[in-house]
Structures are given as C-alpha cells and as structure tokens.
Amino acid sequence: MPHATPAVSTRGLSKSHGDTVVLHPLSLDVPQGEVFGFLGHNGAGKTTTIRLLTTLLAPTSGSACVAGHDVTAEPLKLRAAIGYLPENVRLYDRFTARENLLFFARLSGVADPADAVRETLEFLDIAALADRRVGTFSKGMRQRVGLAQAILHDPEVLFLDEPTSGLDPMGVRQLRGMIEKLHGRGMTIFMNTHLLSEVARSCTSIGVLAHGRLVFNDSMQAVADRYDEAGLEELYAGVAAAEVAA
Amino acid sequence: MSPARILSRQALAGLTRDRSVLIRVAFFAAMVLITAWLGWSATATVNAIYADAAAYLAASGQPVPPNPVSVSAPLAVLRNLGVYISLIGAFGAIVIGQHLVEADRRAGTLPLIGARPFARRDIALGKMRALVTATAAMMAVAGVIALGTLLTLPSLVVTGPDLGRLALFLLAGWAYVTTFGFLALGAAARLPATAAGLIAATVVWLIITFVLPELTANLHPTAAINPVTTLAATPDAGVFHLFSALLGPVSLAEGFAWLSGDLLGFLPEGLAPRGPVPPALALAVALVLSGLFAAQAATRLDLNAGGPDA
C-alpha cells in the first residue's frame, strides 16, 4: 500500500512548562499527501505542536514520527525530511532573497544549491525577487521567500505556522496558490491556522485544538457531510462553546 | 562544506554588512593608526633632538652618548597599542560576539536553522568560528599597521626576535579580546532579551578593566588606561597584597598589560605580575573557560526565540 505510513503520527505527545500543560497528550495521524489544517484559537497549542514535530522543542511525554522518523531518536533524519515556515519569518534583511536561499540550501545539504534556488524561485514564480534585498520586501514577499526556503530541499512534509497571518488579500491568494502547487506535487502539508476560510479552500483534512486538547479530527468531506453549508464555521463555533462550558 | 563552516561564513558575511560593527572595527583601526603615529612622532622627535645635540657635542669636542631610541626596545614605540586592544578591541569583540547571536534572533532565522539536519553543537561551532576569525582579522589589521610603523621609522633596528615578540603580543591580544567575545556570545545565547548579553559582557569587561586594578593596586580608572601607570607595583599595604594574591589571576587587564610590557620591552625592571599565576597562563585559562561557556550556551540556544519583535 503506497500510503500505509502516516506522514505525521503522534501518540500521547504532550508538552508542559512546569505545572502548565501546553499540550495535553495528543494522538493524531496525518496520511501522506494530505493538506492538514490544524485549527485553534490563539494559545491553543498549535505552534507548540509544530515545534515538537520539527524537533525545536523536546516533548514532555509521548512519541511522534514525521516521515517515518522519531522526533527524539532520529532528529537529523527527521529534519532532512521536513520543511518549516514559522509565523512572522523575516530572514536576513541585508542579504538578497537569493543569498538567503543559498544559505538555507547549503545548510539543508542540497547537492547543487544554486540550481535548487533557481528551480524553487521559478516554481513559486518569484524569480523577479531573487536579487533584491529582503529588507526592502513587503510582508507578503517575505512570506513567499520564506516558503521557498522551506521547500528548497524538496521535503516530504511541510510545516506552515499561520502562513497567511498579516497578509493582505492578494498575498493570501498568492500563498494559497503556492500551497496548492505543492500539494499537486504530492507534498504533505501540515498547516496551523485560525482562518476558517483558508482551511475551507486549501485543506483536505482538519484537526481542531482547544486548550491543548484535540477536540476534532476528520476529513473536510466528513465536515461538509455533517455540517451542511455552514460547515466549518458551525463546527468551530461548537468547539468554542464547548471551551466556554469547560 | 560542514554546517559549522556554512554558519560561520554566513555570520561573517552578516558582520561585514552591519554598519554598527563596521564602525567599531574602523574606529579600532583608526586608534591603532593613531597609536602608530604617536609612536612614530615621538621617536622622530627624539631622533631630531638627538641629531642636533650630537652635532653640538661633537663640534664642541665632547663625547657623544648613544641615541636613546637605539638603546631602548624598538617595540616599545607600540606601547599604546596594548591599551587600545584592551579597551576598544575588547569592546569591539563584545559587540561582535553579541551580534553573532542577536542577528539570527532578530531575523527570526533561528527556527529555520534549527529545523535543518545537523547537530546543535554545529551552531555553537559556527558562531565561535566566526568570532575567532573576526577577532583574528582585527588583530591582523593591528599587526599590519604596527609593522608598517616599525619598518618606516628611522633609527629603529627591528630584528627577527623582535618580530617574534610582536607576533606573540598580537597572539596575546587576540586571546584577550576573544575571551570577551566568547563571554558576549555565551551571554547573548543565555539571555534572550535584546542587548542583555551585550550588557552582561560589558559589565564583566568594566569590572576587569577598572574595578579589579583598583582593588589589587589602587589604580584609578585613568591610571588603568595608561600603558605606563598601569604597570605599577602593588602598594605596600596588606589589603592590596591580599587582593593581588586573590584577584591577580582574574585581573586580566592587568595581566595583559604586564604581558604587553614584557613582550614590547617597556616593562619596569623587576616588576612582578599580580598574583601567583603567570599572566600568559591566566589568559590562556580565561580563553578556554570563556570558550567552554560560549560553546555550552550556544549549543543550548533557544531556537524558538526571535522574530521581528525580539
């Protein structure tokens, strides 16, 4: 079976800072090739989850595998298989987009960094930005170059943390188009967001996190079947109501 | 190319594009040039006076004493260089050490670096390598200017051993400034608040440069930055002898001043270093310990920190 191993798999994955539980034990499977939308309000634990899955944070308990590699036992192999775009990436202002990307391509161990940068810039239709200093870029331009650094090495799984945060409608549209192109290449995309419209347009499955607990996890088709037209908004409102009750 | 080397090259390239760092390095080079000019000017003046005096003495049939320039150590004309290294050079290294961490934090690139397939220790190695290279470049600039001064001064006979001592002096200067650079790098890695690492390392530098000499030798700040007065004997009082014995090994500014005097040939006759540890050994130990601190702190650097608001 070609898609037998999930791209992302967690079992009881949790994170605490002292007595504060940021992420309650999380068990989740994201099949390969999905665009998974991880929904939740600010502070729900979405970013912590991505940091655990990208090995930037060590879990307090539980386990997680990304692209078949354990986060604690095989961090180097795992990092070789992922791309990551954090929220509010700035990059090096005094360097051009190409210089920034060459640096990250070399760090990723890409065989021909110059070629990889050129191909990625062309794939994302941002070759015109290549030789401009990043310090002169708008938020949207930075975000597109940020996405480029995340896919230079053709990762199996791409983690995006609030990729459309702070973008104007045109920037959101352009970034969405890029995500769709990457999905078309078969890349698994794990995307944190609290924008329901983004999830509705881009994602094939979703999970909803509330106060560090996974309260919903299913395909977008199932959401559509269960919640009629109002769909996602009704689902999210239900989750919010449950939070208030809790 | 190893990840440490890639990180080091990127950090050095970033340094060369940062105006605040470039201004400090240019200031250091300018002060070294002024040092060289002061040494050149003083020596040229003595030579001119000696030539007139020698001509007069010869004309009046009196014996002509040797030129004082030719009997003093030729490297002594560089005595101010030690002061500029311990003041501007060390502070420049602190700025560079802090910048090496802060630049990534401000650019929000730490998570991007941390999500790449290499060990965390490579981040520390890359930063330390960049610092060591930058401080070596600073000392190379000082060396070229010093050498140019020595070679252009008339009446100065610079021998092979003199050049060897100059090289050792520059090596000691490099170890001295790099120690503070490592402290700043480690402090910046440990303290995520903007400029906290810079402030912490600067406080240590101020204590070593100005406070410890007061305790060990009753040297006031103005005396501590004078290459001659800083080489004072321990005052004849029990408290200063006690502080000298206890604090001498960590009073690096005094140790470096003593080494400078010894290597450049202007150390007062019979002046012993502070404390029981030879200054060269104390400096080497300080370099190693500060390097270990920087390595440990940079290996444990919080890669989630940073971004536009950092």
Side-chain angles (χ1 to χ4, degrees), chain A residues 47-48 50-58 66 69 74-96 99-110 113 133-135 139 142-143 145-150 152-153 155 157-159 161 165-166, chain B residues 1-23 96 99-127 129-130 189 192 194 299-310:
Chain A
T47 297
T48 298
I50 278 199
R51 286 174 177 173
L52 290 167
L53 294 174
T54 53
T55 76
L56 289 167
L57 277 179
V66 178
H69 305 295
E74 302 172 295
L76 299 190
K77 286 182 181 172
L78 186 154
R79 285 184 221 141
I82 64 165
Y84 175 40
L85 174 64
E87 188 180 3
N88 290 326
V89 68
R90 277 194 70 85
L91 303 168
Y92 297 107
D93 278 354
R94 293 185 177 87
F95 291 78
T96 65
E99 287 170 331
N100 269 283
L101 294 175
L102 278 171
F103 168 61
F104 289 111
R106 290 185 185 115
L107 273 187
S108 298
V110 170
R133 276 179 50 188
V134 167
K139 163 89 179 168
R142 279 179 204 270
Q143 204 72 343
V145 178
L147 182 62
Q149 67 75 32
L152 279 164
H153 51 299
V157 183
L158 176 63
F159 291 95
D161 193 358
S165 167
Chain B
M1 201 186 301
S2 72
R5 195 167 169 205
I6 296 166
L7 287 163
S8 166
R9 280 180 52 167
Q10 175 72 11
L12 286 169
L15 282 175
T16 62
R17 297 185 193 194
D18 189 286
R19 206 171 294 158
S20 67
V21 172
L22 288 179
I23 287 171
I96 291 170
H99 183 276
L100 289 173
V101 174
E102 196 55 34
D104 285 339
R105 204 177 263 150
R106 207 180 315 135
T109 51
L110 285 174
L112 309 183
I113 292 169
R116 252 70 195 186
F118 55 82
R120 295 285 186 254
R121 66 173 179 277
D122 285 322
I123 296 175
L125 285 174
K127 301 287 179 198
R129 187 179 174 142
T194 306
T299 302
R300 296 182 183 182
L301 179 63
D302 179 6
L303 299 171
N304 295 299
D309 303 323

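Order of the sequence lines fixes the chain letters, A, B, ..., with proteins taken first and strands second; residue numbering starts at 1 for each chain. Please read all numbers here as calculations on a predicted model, not as lab measurements.
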Heaviest contributor of heavy-atom pairs below 4.5 Å to chain B, chosen from A:P86, A:A150, A:S108, is A:S108

Value for CZ (A:R106) from CZ (B:R9), rounded to nearest 0.5 Å, stands at 6.0 Å

Review point. Mind checking whether A:L91 and B:L112 have side chains closer than 4.5 Å, heavy atoms only?
Key: yes

Heavy-atom closest pair (A:R90 atom, B:R106 atom, distance to 0.1 Å) is CD-O, 3.6 Å

Shortest non-hydrogen pair, A:R79 vs B:F118, comes out as NH1-O, 2.7 Å

On a heavy-atom basis, the closest approach of A:Y84 and B:P111 is CE2-CB, 3.8 Å

Looking only at B:I113, B:I6, B:L7, B:L303, most heavy-atom pairs under 4.5 Å shared with chain A are made by B:I6

The interface call for A:F159 against chain B, heavy-atom contacts under 4.5 Å, is neither

What one should report as the nearest heavy-atom pair of A:Y92 and B:A103 is CE2-O, 4.5 Å

Heaviest contributor of heavy-atom pairs below 4.5 Å to chain B, chosen from A:L107, A:L76, A:D93, is A:L107

So the salt bridge (Lys or Arg N to Asp or Glu O under 4.0 Å) pairs with at least one residue in residues 13-23 of chain B (sequence neighbours excluded) are A:R94-B:D18, A:E99-B:R17

Query raised in the report: For A:L57, does its backbone N or O pair with a side-chain atom of B:N304 as donor and acceptor, under 3.5 Å?
Result: no

Bottom line for B:R120: the part with an atom under 4.5 Å from chain A's heavy atoms is side chain

So OG1 of A:T54 and CZ of B:R116: to nearest 0.5 Å the spacing works out to 11.5 Å

